[in-house]
Asks: 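Once you've had a glance at the structure underneath, I'll fire off some questions.
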Amino acid sequence: MANQVRPMGDTRYIASKIESKRDPELEKQCCEFIEFHTGEKVNAYDDLKNGVILCKLVNTFSPGAVKKCEASSAVFKQRANLEAFINGCKIFGLKDQEVFQVNDLFEGKNLPQFTQCIIALARYAQSQPGYNGPMLGPKQSEENVREFTQDQLDAGKHMIGLQMGSNKGASQAGGDFGRPRQVHQEFK
C-alpha cells in the first residue's frame, strides 16, 4: 500500500523479526509446488494475492472445497478469494494454527506464515493415497497406537521413572541452613 508509514519502535522490531524468518529457497519450492498442481505460472507471492490460483490449488486436493472464486481487480473480491482459500484449507483438514490470515499475504504482513500454510497443505496432500506430486516439507506423522496388557500396566506401577532422579542416599537430617530469619518490629 502506498499510504502506509514505515514501522517504528516495537512495530519495526516485530516486522524485522518476521522478515528474518523468510526463506527464499523454501518460498521458491512452494511456488513450484503450486505450479505443479495448478498448471499456472507463479513467479512470486505477488501472483497469488488475488487468490484465484490458491482456490484452484485447494480444489485440486479437495474438489468443491471452494465453491466461488472470481478473478477480479476489486480488492474486496480478491480478499474474499483468499478467505475462501483459507476455509477450503480447513475443509481439507488443516488446523487453525496452520493457516494464515488474509493480511499476511495480501498486505505482506507475515509471508512466513503463508509459506507454512502451503507446506501444511502439501503435507496433508502427500498423505492422501495416490499422491504423485513433488514432496514439500516433512511427511505427515502417522498414528502409532500401542496396546498393553493389564500385566504390563501393573508391572509399570512399581518402577521408578528416570524423571524422578535420585538423591544418592543424601538426606536433610542434621541440615543447618544458618540462623533463622530475624524479624524485628519497629516502635514509633
Asks: If you compare all heavy atoms of Asn50 against all heavy atoms of Asp47, which two are closest, and at what distance to 0.1 Å?
Replies: OD1-O, 4.0 Å

Asks: How does the hydrophobic cluster around Val145 look, that is, which other residues are in it when side-chain heavy atoms under 4.5 Å mark a link?
Replies: none

Asks: Are the side chains of Leu111 and Leu105 in touch, meaning some heavy atoms are under 4.5 Å apart?
Replies: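 Yes, side chains in contact.
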
Asks: Write down the atom of His37, the atom of Leu57, and the distance for their closest heavy-atom approach.
Replies: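 It is CB-CD1, 3.7 Å.
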
Asks: Using the side chain to side chain contact (heavy atoms under 4.5 Å, CB included) rule, take Phe106 and Val75 through it: C-alpha gap first, then chi angles, then the decisive distance, then the call.
Replies: CA-CA 9 Å; Phe106 195 78; Val75 173; 3.5 Å; yes

Asks: Would Glu83 and Arg79 pass as an ion pair if we require N to O under 4.0 Å?
Replies: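 No salt bridge links Glu83 with Arg79.
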
Asks: Same hydrophobic cluster for Val42 and Phe36, using side-chain heavy-atom links shorter than 4.5 Å among ILVMFWY?
Replies: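 Val42 does not cluster with Phe36.
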
Asks: When you compare the side chain of Ile86 with that of Val102, does any pair of heavy atoms fall below 4.5 Å?
Replies: yes

Asks: Apply side-chain contact (heavy atoms from CB on, under 4.5 Å) to Lys77 and list each qualifying residue two or more places apart in sequence or on a separate chain.
Replies: Glu70, Ser72, Ala74

Asks: Of all residues at least two apart in sequence or in a different chain, which pass the salt bridge (Lys or Arg N to Asp or Glu O under 4.0 Å) check with Glu142?
Replies: Lys139

Asks: Is the number of heavy atoms from other residues, nucleotides or ligands under 6.0 Å of Glu27 CD greater than 12?
Replies: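 Counting neighbours around CD of Glu27, more than 12 heavy atoms of other residues, nucleotides or ligands fall under 6.0 Å, so yes.
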
Asks: For the backbone of Val99 and the side chain of Gln113, can you confirm whether one donor and one acceptor N or O come within less than 3.5 Å of each other?
Replies: yes

Asks: Describe, in one word, how the ring planes of Phe114 and Tyr45 are oriented to each other, choosing from parallel (under 30°), tilted (30 to 60°) and perpendicular (over 60°).
Replies: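 The rings of Phe114 and Tyr45 stand perpendicular, inter-plane angle above 60°.
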
Asks: For the NZ atom of Lys56 and the CD1 atom of Ile53, what is their distance to the nearest 0.5 Å?
Replies: 8.0 Å

Asks: Sequence neighbours excluded, which residues qualify as side-chain contact (heavy atoms from CB on, under 4.5 Å) partners of Gln126?
Replies: Ala122, Tyr131, Met135, Leu136

Asks: Have a look at Cys30 and tell me which of Leu48, Thr115, Leu121 forms a side chain to side chain contact (heavy atoms under 4.5 Å, CB included) with it.
Replies: Thr115

Asks: Linking I/L/V/M/F/W/Y whenever any side-chain heavy atoms sit under 4.5 Å apart, do Ile34 and Val52 land together?
Replies: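 Different clusters.
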
Asks: How long is the gap from CD on Gln116 to CD on Glu98, to the nearest 0.5 Å?
Replies: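 So the gap between those two atoms works out to 9.5 Å.
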
Asks: For Asp154 and Asp151, indicate whether the former's side chain and the latter's backbone hold a donor-acceptor pair under 3.5 Å.
Replies: no

Asks: In the hydrophobic cluster built from side-chain contacts under 4.5 Å, what are the other members alongside Tyr13?
Replies: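 Via sub-4.5 Å side-chain contacts, Tyr13 links to Ile14, Ile18.
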
Asks: Is there a side-chain contact between Asn110 and Phe100 (heavy atoms, below 4.5 Å)?
Replies: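 No, side chains not in contact.
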
Asks: Just how far is it from atom CG of Asn59 to atom OG1 of Thr38, taken to the nearest 0.5 Å?
Replies: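 Answer for the CG-OG1 pair, Asn59 versus Thr38, is 12.0 Å.
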
Asks: Hey, what do you get for CD1 (Ile119) to CG (Leu26), rounding to the nearest 0.5 Å?
Replies: 3.5 Å

Asks: How many angstroms lie between OG in Ser62 and CD in Gln128, if you round to the nearest 0.5 Å?
Replies: 8.5 Å

Asks: Indicate yes or no for a side-chain donor-acceptor contact from Gln152 to the backbone of Thr149 under 3.5 Å, with no hydrogens or angles considered.
Replies: yes

Asks: For Arg22 and Pro112, work out which heavy atoms get closest and say how close.
Replies: CG-CG, 3.6 Å

Asks: For residues 88-97, run the donor-acceptor check on the side chains, cut-off 3.5 Å, and write out each pair with its distance to 0.1 Å, sequence neighbours left out.
Replies:
residue: Lys90; atom: NZ; partner: Asp96; partner atom: OD1; Å: 3.2
residue: Lys95; atom: NZ; partner: Tyr124; partner atom: OH; Å: 3.2

Asks: How far does CD of Glu35 sit from CG of Asn43, to the nearest 0.5 angstrom?
Replies: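 Output value for this atom pair is 7.0 Å.
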
